[in-house]
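First up is the structure itself, then whatever we jot down about it.
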Amino acid sequence: MKNWLILGATSGIAVPLARELASRGNRICLAGRRENSKRLELLAQDLNARFGVEAAVSYFDAVELERLEAFIDEVEETFGRIDGVVYAAGLMEPQLHLQRDFTAARRQHDINYMAAVGLLGHTARKMEARRRGHIVAFGSPAGDRGRRSNYLYGADKAALHLFMEGLRHRLAGKRITVLTVKPGPTDTPMTAGMRKPRFKARPEDVARDIARAIDDKRTVIYTPAKWRYIMCVIRHLPWFIFKRLNL
Ligand SMILES: NC(=O)c1ccc[n+]([C@@H]2O[C@H](COP(=O)([O-])OP(=O)(O)OC[C@H]3O[C@@H](n4cnc5c(N)ncnc54)[C@H](OP(=O)(O)O)[C@@H]3O)[C@@H](O)[C@H]2O)c1
């Protein structure tokens with residue numbers, strides 16, 4: 001049994017992931033914004049009822065960057081040593097809006113990248129001292145090549161990918177796994193109204209792939225796996241073709 005902290009626990013992918021982790025007998029701390037306290041409490045009760053594991057709730061807001069390290073300390077005081085942490089919070093606002101509103105772009109960057117650096121970086125220091133732990137965060141195929149339709153979100157995810165890669169390198173040999181998950185379009189509130197549902201993966205399938213990747217100590221996964229090949233092609237398209245595509 002391990003203690004898992006899920007940051008952004010109301011996310012469409014985090015909900016089934018929490019179930020996967022609880023089904024393995026782990027204790028779960030569901031963390032999200034205080035505005036969602038009812039939803040978080042219900043999710044915790046559901047985990048307890050389904051799997052008989054202890055599930056707690058705690059509150060953070062990713063834009064309150066200066067509070068994040070103290071938040072992790074509080075979770076360890078009240079919930080116990082964090083053995084595994086998932087950063088699932090994220091925001092994808094329309095590219096055109098972000099292009100015109102720097103304040104909104106900066107806020108999104110704080111949620112997608114800076115908060116992850118603060119929360120995971122602080123947790124990593126604790127894990128490093130204990131020489132054990134799992135760290136999981138979400139990159140995205142959008143971070144693999146800059147495209148006009150979403151390069152501000154993509155840049156956040158590319159930065160997070162590099163942060164996780166560096167953290168993995170730093171922690172290599174210290175019995176800490178660092179997993180970057182790159183989901184293809186998945187049917188969650190983030191993609192609501194963006195593509196037909198049949199082109200999107202089911203969050204339950206994505207969560208199952210993530211849980212398996214944690215078990216197998218993988219480093220980077222695309223889920224569904226076909227996105228690795230799709231993005232390999234897109235990354236290697238020559239500029240004279242790429243610039244003509246409406247991506
Ligand atoms: N869905 C996809 O197609 C897809 C593809 C590639 C990567 N991803 C990434 O995978 C992760 C999970 O995505 P998802 O689709 O499950 O997302 P989602 O359902 O839209 O959920 C986003 C989560 O982020 C939280 N959040 C937003 N702003 C926050 C803040 N200021 N403080 C704390 N939490 C905040 C939300 O909390 P509230 O409930 O309080 O708003 C919610 O729990 C994200 O990092 C996303 O970028 C998703």
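Atoms considered below: every heavy atom in the structure, side chains included; atoms not considered: hydrogens, waters and symmetry mates. Counting starts at 1 for both ligands and their atoms, in listed order.
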Contacting atoms of ligand 1, where contact means under 4.0 angstrom from a heavy atom of [X]:
X	answer
Ile111	28 (N), 31 (N)
Gly139	7 (C)
Ser140	6 (C), 7 (C)
Gly12	16 (O), 18 (P), 19 (O)
Gly184	3 (O), 5 (C)
Thr191	1 (N), 2 (C), 3 (O)
Pro185	3 (O)
Gly8	43 (O)

Are any of the N or O atoms of [X] closer than 3.5 Å to those of ligand 1?
X	result
Ile13	yes
Leu91	no
Ala14	no

Sidechain N-carboxylate O distance under 4.0 Å for Arg212, Asp215: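 A salt bridge is absent here (no side-chain N lies under 4.0 Å from a carboxylate O).
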Side-chain ion pair, Glu165 and Arg170, N-O less than 4.0 Å: no
Specify the protein heavy atom at minimum distance from [atom]: its residue, its atom name, and the distance to 0.1 Å.
atom	result
atom 8 (N) of ligand 1	Tyr153 OH, 3.6 Å
atom 2 (C) of ligand 1	Thr186 N, 3.6 Å
atom 34 (N) of ligand 1	Ala89 CB, 3.7 Å
atom 44 (C) of ligand 1	Ala88 O, 3.5 Å

Heavy-atom nearest option to atom 43 (O) of ligand 1, drawn from Thr10, Leu40, Asp110, Val15: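 The nearest heavy atom belongs to Thr10.
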Is it true that the side chains of [X] and [Y] contain a donor and an acceptor less than 3.5 Å apart?
X	Y	result
Thr180	His161	no
Asp73	His122	yes
Asp144	Tyr222	yes
Arg208	Thr223	no

Determine whether the side chain, the backbone, both or neither of [X] has a heavy atom under 4.0 Å from any heavy atom of ligand 1.
X	answer
Thr188	side chain
Asn36	side chain
Lys157	side chain

Heavy atom of Ala137, distance to ligand 1 below 4.0 Å: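 Outside the 4.0 Å threshold, so no.
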Test applied, side-chain contact (heavy atoms from CB on, under 4.5 Å); reference residue, Asn3; option that passes from Asn26, Val85, Asp83: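 Running side-chain contact (heavy atoms from CB on, under 4.5 Å) over Asn26, Val85, Asp83 with Asn3 returns exactly one hit, Asp83.
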